[in-house]
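Residue numbers begin at 1 in each chain, while the letters A, B, ... track the order of the sequences.
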Amino acid sequence: MRNTELAQIFREIALYLEMQGIQFKPRAYEKVAYALEALEEPVAELYKRGGIKELRNIPGVGQAIAEKIEEIIQTGKLKYYEELKKETPVDVRGLTAIEGVGAKSVKVLYETLGVKEVSDLEQAARAGKIRGLPHFGEKMEQKILKGIEFLKQGSGRFPLGSVFPLILEIEGRLRSLPEVEAVAVAGSVRRRKETVGDADLLAISSKPGSIMDYFTSMPEVTHVYGKGMTKTMVKLKNGMDVDLRVVPGESFGAALSYFTGSKDHNVALRRIAQEKGLKLNEYGLFRGERRIAGETEEEIYRALGLLYIPPELRENQGEIEAAKKGELPDLVEYGELRGDLQIQTTWTDGANSIEEMAEEARRLGLEYIAITDHTKSLAMTGGSDEKKLLKQMEAIDKINRTLKGIRILKGAEVNINKDGTLDIKDEALKKLDVVGVAVHSHFNLSRKEMTERIIRAMRNPHADILFHPTGRVIQKREPYDVDMDAIIKTAKETGTVLEVDAYPDRLDLKDEHIRKAVEAGVKLVIDSDAHSVNHIRFLEFGVAQARRGWAKKSDVLNTRPLREFLKGLKDN
DNA sequence: GCCGTTTTCGGCCCGACTGTTTTCAGTCG
Ligand SMILES: Nc1nc2c(ncn2[C@H]2C[C@H](O)[C@@H](COP(=O)(O)OP(=O)(O)OP(=O)(O)O)O2)c(=O)[nH]1
Ligand SMILES: [Mg+2]
Ligand SMILES: [Mg+2]
Ligand SMILES: [Zn+2]
């Protein structure tokens with residue numbers, strides 16, 4: 001069973017318990033659900049390795065829940081859960097997915113009207129049966145119908161890159177309002193999570209009313225969930241929700257900290273404040289009535305005895321402990337990349353020529369790029385064979401002779417065959433400056449076969465970089481089944497560099513794998529995988545993921561000047 | 001149900017917005 005499925009079970013248990021009005025226990029199950037989702041390694045593997053004891057190392061998992069996980073792994077079922085379901089046979093997850101419907105509402109709806117699933121609720125609401133219920137009314141009935149409509153449209157989460165420009169635009173509009181002193185993007189967008197559930201914006205002002213009016217009347221707004229003097233929530237045409245909070249200047253840091261999250265990070269900070277006899281909320285850090293910090297995030301962290309924690313790390317994944325000990329990594333910075341090692345051109349499926357890509361890269365401040373067009377077994381892209389590669393090398397030599405301010409490296413994105421051999425001969429690979437290897441076919445091999453296949457490719461002395469190591473495409477294609485620990489180990493052994501493909505729907509390696517690679521001392525590169533000049537700026541999304549993976553500048557080879565970069569590749 | 005260099009029992013983050021509310025619960029961030 002996948003971690004996410006396991007998490008769903010515990011989340012459902014939390015909801016059932018909440019329905020019964022039980023205090024705190026639901027939080028415990030919810031916390032575990034979240035922890036399981038954040039876990040990259042399948043829980044079953046973890047259990048195989050160390051049994052109950054290993055499970056209890058998961059934060060929030062104690063003896064009782066560890067035993068429940070064990071039961072699920074061993075039998076595929078959980079008695080406790082089955083009994084809760086039998087007792088109240090309703091689709092809690094579906095029903096509570098409706099905006100405004102929580103556990104308590106589900107209970108009332110089931111007990112009075114026998115509502116078991118969303119379609120029952122829709123019928124009841126249409127028939128006007130909701131309004132008469134205790135603690136429900138006509139408005140609630142309408143809200144439920146609206147909520148069901150939204151649920152059916154089902155927008156879900158958005159890849160960060162797909163909504164980032166719109167979010168920045170809205171941020172800019174708010175900034176230009178005369179009442180607004182400052183604006184900041186917060187939430188998962190500021191943490192640069194690979195997908196975001198909504199956009200969270202913070203504004204500083206002492207006159208929030210007109211800002212909220214402006215915000216709810218923006219042309220993209222299709223629905224207003226709620227509107228107050230400090231918080232307003234809307235839905236946009238594209239299905240994305242935007243939350244806006246407005247606070248006074250003296251609370252800017254506290255509000256930014258609160259609104260950046262993550263929730264777990266916030267809770268952890270607030271507990272530290274409690275232990276110190278303080279109170280932390282979005283308005284400041286307080287000793288009694290007195291605000292002792294709040295204008296900047298730095299001062300809040302300092303007052304809590306912590307180093308400043310960069311937003312990308314705020315996932316409660318060990319950053320608070322590290323900040324307490326003064327051991328936070330010095331993360332790779334935006335703008336520190338000097339090169340881009342994966343670029344496609346019109347020689348295969350790219351939209352721009354070598355020159356155009358080079359000129360744009362130079363304009364963006366890069367010092368070198370590698371041209372890495374696809375190779376022959378990707379027939380549909382017109383992939384290069386050895387002959388075409390040689391021709392392209394000559395073309396690059398010629399451009400390098402005249403082009404100033406940037407160096408073009410000769411490369412290729414070489415296919416890894418099913419058996420782990422490469423589809424370009426070694427004699428040709430030898431002539432290239434940078435060889436990227438990648439899986440583009442036979443995605444459905446067993447974990448063992450796929451792992452062996454990739455490891456064999458990495459053992460090729462010419463294979464410098466493993467491109468997009470897991471092959472996932474966000475919300476489109478699952479990663480192929482591969483043992484990433486083995487890949488990381490092999491990378492370390494062979495000196496093969498692992499890529500962070502910054503293309504917004506790849507982001508591969510992803511944050512958690514980056515962190516493992518960094519811990520193992522594996523070298524990384526961050527590449528745009530650009531297929532047109534507009535894509536080179538995607539590099540910054542890759543830097544963001546690298547930061548989320550705790551990567552330092554020294555972990556990222558293409559922060560180095562060209563000569564040192566080349567020395568970092570395995571055959572140099 | 002979990003958790004602990006002040007605790008193995010007694011706490012568990014804290015606040016905004018809405019609706020039906022006579023004093024606040026539910027839901028959400
Ligand atoms: N203290 C506290 N803060 C919360 C809680 N829920 C949310 N927040 C804060 C932290 C979140 O990052 C921020 C924005 O809430 P969101 O629901 O939009 O979450 P976030 O943006 O982190 O993730 P998302 O991608 O939108 O699902 O509000 C909570 O229960 N307690
Ligand atoms: Mg958010
Ligand atoms: Mg939000
Ligand atoms: Zn590729």
Base, sugar-phosphate or nothing for V32(A)? Non-hydrogen atoms, less than 4.0 Å. nothing

For a quick check of understanding: with a heavy-atom distance under 4.0 Å over all strands, which category does K227(A) fall into, base, sugar-phosphate or nothing? sugar-phosphate

Round to a whole Å and report the spacing from CZ of R11(A) to P of dC28(B). 13 Å

In this structure, are over 12 heavy atoms from other groups packed under 6.0 Å from E40(A) atom CD? yes

Under the 6.0 Å and 45° cation-pi test, does K68(A) pair with Y80(A)? yes

Which value, in whole Å, describes the distance between the P atoms of nucleotides dT21(B) and dT27(B)? 16 Å

Looking at K104(A), does any N or O in its side chain come under 4.0 Å of the phosphate oxygens OP1/OP2 on dG26(B)? yes

Just checking A103(A): base, sugar-phosphate only, or nothing, at a heavy-atom cut-off of under 4.0 Å? sugar-phosphate

Length of the OH-P vector between Y80(A) and dG1(B), whole Å: 6 Å

Remember a base hit wins even if backbone is also touched, and classify L269(A) as base, sugar-phosphate or nothing at under 4.0 Å, heavy atoms. nothing

Between dC13(B) and dT18(B), how many Å separate the two P atoms, rounded to a whole number? 26 Å

Side chain of D200(A): nearest nucleotide among dG1(B), dC12(B), dG29(B)? dG29(B)

Expressed as a whole number of angstroms, how long is the span from Y29(A):OH to dG1(B):P? 5 Å

Output the rounded distance in Å from CD (E275(A)) to P (dG4(B)). 10 Å

Is E83(A) salt-bridged to K79(A), going by a charged N under 4.0 Å from an acidic O? no

Closest-nucleotide 5' rank along DNA chain B - winner of S105(A) and G60(A): G60(A)

Under 3.5 Å donor-acceptor pair, Y258(A) side-chain atoms to dG15(B) base atoms: no

Given R548(A), which of E319(A), E315(A), E512(A) fulfils the salt bridge (charged side-chain N to carboxylate O under 4.0 Å, His left out) condition? E315(A)

Let me know the distance between NZ of K143(A) and C1' of dG19(B), rounded to the nearest Å. 8 Å

ring-ring contact (aromatic ring centres under 6.0 Å, His included) between Y503(A) and F541(A), intermediate numbers included: CA-CA 8 Å; Y503(A) 203 84; F541(A) 291 118; 10.0 Å; no

Taking for K139(A) and for L17(A) the nucleotide of DNA chain B with the nearest heavy atom, the one nearer the 5' end belongs to L17(A)

Using atom P in both nucleotides, what's the gap between dC2(B) and dT6(B) to the nearest angstrom? 24 Å

Residue-phosphate contact under 4.0 Å: Y283(A) side-chain N/O, dA16(B) OP1/OP2: yes

Rounding to an integer number of Å, can you tell me how far L133(A) CG sits from dG26(B) C1'? 15 Å

Any base atoms under 4.0 Å from Q23(A), or only sugar-phosphate, or nothing? Heavy atoms, all strands. nothing

Please work out if L278(A) contacts a base, only the sugar-phosphate, or nothing of the nucleic acid, heavy-atom cut-off 4.0 Å. nothing

For T232(A), report the nucleic acid contact type (base, sugar-phosphate, nothing); a contact means any heavy atom under 4.0 Å. nothing

Please measure how far the C1' atom in dG19(B) lies from the corresponding atom in dG11(B), and state the result in whole Å. 32 Å

With P as the reference atom in both, quote the distance from dT7(B) to dG15(B) in angstrom, rounded to an integer. 28 Å

Please identify which of these residues, R291(A), E295(A), E282(A), meets the side chain to side chain donor-acceptor pair (under 3.5 Å) condition with S251(A). R291(A)

Roughly how many Å is it from CG in D264(A) to C1' in dC13(B), rounded to a whole number? 11 Å

Are any of K231(A)'s side-chain N or O atoms less than 4.0 Å away from OP1 or OP2 of dA16(B)? no

Without decimals, in angstroms, what is the distance between E141(A) CD and dT18(B) C1'? 17 Å

When we call it a touch if two heavy atoms are under 4.0 Å apart, what does K31(A) touch: a base, just sugar-phosphate, or nothing? nothing

Base-pairing mate for dT8(B) - Watson-Crick or G-U, with both contacts under 3.5 Å: none

Reckon N281(A) touches a base, only the sugar-phosphate, or nothing at all at heavy-atom distances under 4.0 Å? sugar-phosphate

Remember a base hit wins even if backbone is also touched, and classify E138(A) as base, sugar-phosphate or nothing at under 4.0 Å, heavy atoms. sugar-phosphate

Is the ring centre of F150(A) less than 6.0 Å from the ring centre of H223(A)? yes

Nearest listed nucleotide, side chain of V267(A), among dG1(B), dC14(B), dC13(B): dC13(B)

Proximity to the side chain of R270(A) - top-ranked nucleotide from dG15(B), dG1(B), dC13(B): dC13(B)

Do the side chain of R27(A) and the base of dC12(B) come within less than 3.5 angstrom through a donor-acceptor pair of N or O atoms? no

Taking the C1' atom of each, how far is dG1(B) from dT8(B), in whole Å? 14 Å

Between dT20(B) and dG26(B), how far is it from one C1' atom to the other, in whole Å? 12 Å

Taking R190(A) as the fixed residue, which of E297(A), E312(A), E171(A) is the one that meets the salt bridge (charged side-chain N to carboxylate O under 4.0 Å, His left out) rule? E297(A)

